[in-house]
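Input: a single structure, listed below in structure tokens.
Order of the sequence lines fixes the chain letters, A, B, ..., with proteins taken first and strands second; residue numbering starts at 1 for each chain. Owing to the predicted nature of the structure, the values given are computational and were not obtained by experimental measurement.
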Number of protein chains: 2
Amino acid sequence: MPTQMFDRATIVGVGLIGGSLGMALRARGVAREVVGVTRAEASIVSARAARAIDRGTVDPAAGVAGADLVVLAVPPDQVVPMARRVAPHLQPGALLTDVASVKAEIVESIEALLRPESGPAFVGGHPMAGNERQGVAAASPDLFEGTAYLMTPTPRTPRGSVERLAGLARALGAIPLEVEPAEHDRMVALVSHLPYLVAAALMGTAGAAGPAAGPSLLGATRVAGSPVAMWAQICRLNREPILDALRAFRKELERLETAIADGDRLDALLEAARRARLRLGGAPSKGPDKG
Amino acid sequence: MPTQMFDRATIVGVGLIGGSLGMALRARGVAREVVGVTRAEASIVSARAARAIDRGTVDPAAGVAGADLVVLAVPPDQVVPMARRVAPHLQPGALLTDVASVKAEIVESIEALLRPESGPAFVGGHPMAGNERQGVAAASPDLFEGTAYLMTPTPRTPRGSVERLAGLARALGAIPLEVEPAEHDRMVALVSHLPYLVAAALMGTAGAAGPAAGPSLLGATRVAGSPVAMWAQICRLNREPILDALRAFRKELERLETAIADGDRLDALLEAARRARLRLGGAPSKGPDKG
């Protein structure tokens, strides 16, 4: 159990990620008190029942008052509006962070809003954890265990604040990694947004042959079952890197197609992919796969 | 436990699928005796140690003698040569089947070889089970539980033999499904070969961003880590249906790309994919996903 790092942590948006964060902060003793800001009173009750928060409010201004850690865990397109709303109420030493999958626009807008040299400091964050479900009911205090926690400071971000966020990530069991905001967006376009869009395209192509679905199709398309609203926002907020990733992927696919048609170089291409996959590690199949 | 359906079952090729089949036949009492045909003497020892076979031989002719069920569980491009080798030694009432992922060429060649109206009968089979590992060490008696077992009879196949293979599939805990051989090949090109090639292409595109790999990438690319030899064979044996599937997939991908670039219809496309995925069911995430 780590030393208590924060006195009061406020989580704005207590869904899958915010709820899991609250659970982890409480279960691991990282914060003395966890305050949740929700949109409806009823959500306070369910968030408390799930042990994600100690107390809740529907008023963001009241929620962030007195907090030394404020996590904006709202949908990507609500991060900047919410930052604007809570900024005047943050206490000077507070650390403000978010969990959105897209960073460049968000970081630029919030830095323009706060003044990181004095007062509360913002450090963009993106825990690479989640599943295809949503809401506090799907939350888990172990969601971040062993995952990468991407942090996107800029030259203006105080190093002390980056260190505090890294400490938070470690306290959650995650591995903090620093990456420049635009580079972050290019990277997640490849490792997260592209696989989601590919899964959606696979469903469009192969979905009708469902009864015979094998383990590859089921594994590859699971993420296509996640709620659309967040992904559609991500596609809008990260349009250019995503279009670049799609173009790179189509080129790769065309190389394979040519190799299959010609019978040339196919084994070498597949072997290179296999080795890259083995280097990637992670998610080994647990026992026999079905389908 | 089902009634013993076969007196002597011979499995030619005791790897992941053949080994799992042998384990299931023995554990479930489906066959009185399971004989394994392997390439090396040493493999007999490991197959016996894994409880996949009762006894083994490296001589296919001797192995199939006296068997009322013969399963060719060798790599796809060895199925026809092996059928040619064992055909003269099959007993008249024997049921011959295979487990290859590609069917049209195999079924046509073996039917030309056997004469299904008299003597031993061949029914093409394809259990939709497996994982990215290989060999008897990865085998499991439960591998077929709840999976589709595709059978590809032709108008020349005796109905009694189809029923016997369906009975075998049910005894393994699988769900027998009949499909015409060429249709089988088109279907698996979509639900199995395409996801594999897409996984390989994703590795080629996103592999370098490995440290930040999210659950979608890990899930979507797991199959790309499987041994290349079998997949390269499948690409050669099922070339045309695979090229058709790749073309259909690229079209679907281009629709998404256009929708992202224009900002139009994206939500509707993603929502259609989501609903198709939820209809597909299967492989729900077990607890929180990582990455």
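Contact count against chain A (heavy-atom pairs under 4.5 Å) is highest for B:Leu270 among B:Val198, B:Leu194, B:Leu190, B:Leu270. Counting heavy-atom pairs under 4.5 Å between each of A:Met203, A:Arg186, A:Arg247, A:Arg275 and chain B puts A:Met203 at the top. Ranking A:Ile242, A:Leu278, A:Leu256, A:Leu269 against chain B, the residue ahead of the rest is A:Leu256, based on heavy-atom pairs under 4.5 Å. Ranked by heavy-atom pairs under 4.5 Å with chain A, the list B:Val188, B:Ile175, B:Leu243 is led by B:Leu243. Of the listed residues (B:Glu257, B:Arg279, B:Glu271), the greatest number of heavy-atom pairs within a distance under 4.5 Å of chain A belongs to B:Glu257.
Listed by first and then second residue, the salt bridge (charged side-chain N to carboxylate O under 4.0 Å, His left out) pairs involving residues 169-180 of chain B are B:Arg159-B:Glu178 (not counting sequence neighbours).
Of the atoms belonging to A:Ala245, it is backbone heavy atoms, and not side-chain ones, that fall under 4.5 Å from chain B. Looking at B:Ala272, there are no atoms closer than 4.5 Å to chain A (heavy atoms on both sides), in backbone or side chain. A:Ser226 touches chain B through its backbone: at least one of N, CA, C or O sits under 4.5 Å from a heavy atom, while the side chain does not. Neither the backbone nor the side chain of B:Ala189 comes within contact range of chain A; no heavy atom of the residue lies under 4.5 Å from a heavy atom of that chain. For a residue to count as touching a neighbouring chain, one of its non-hydrogen atoms must lie under 4.5 Å from one of that chain's; by this rule B:Ala200 touches chain A with backbone and side chain alike. Contacts of A:Ala199 with chain B are absent, with no heavy-atom separation under 4.5 Å from either backbone or side chain. If you measure heavy-atom distances from B:Leu266 to chain A, the contacts under 4.5 Å come from the side chain alone.
A distance-only check finds no donor-acceptor pair linking the side chain of A:Arg274 to the backbone of B:Val228 [under 3.5 Å]. A donor-acceptor distance shorter than 3.5 angstrom exists from the side chain of B:Arg277 to the backbone of A:Leu218, with no hydrogens or angles considered. Looking at A:Arg239, its side chain does come within 3.5 Å of a backbone N or O of B:Ile260 through a donor-acceptor pair.
With rounding to the nearest 0.5 angstrom, the OG1 atom of A:Thr205 is 9.0 Å from the CZ atom of B:Arg255. Residue B:Leu197 holds its CG atom at 8.0 Å from CG of A:Leu253, rounded to the nearest 0.5 Å. B:Arg250 contributes atom CZ, which lies 4.5 Å from atom CD of A:Glu254 (distance to the nearest 0.5 angstrom).
Around CD of B:Glu105, the count of heavy atoms belonging to other residues, nucleotides or ligands within 6.0 Å does not exceed 12.
Look at B:Arg236 and A:Asp267 and you find a salt bridge, because one of the NZ, NE, NH1 or NH2 atoms lies within 4.0 Å of a carboxylate O, short of that distance.
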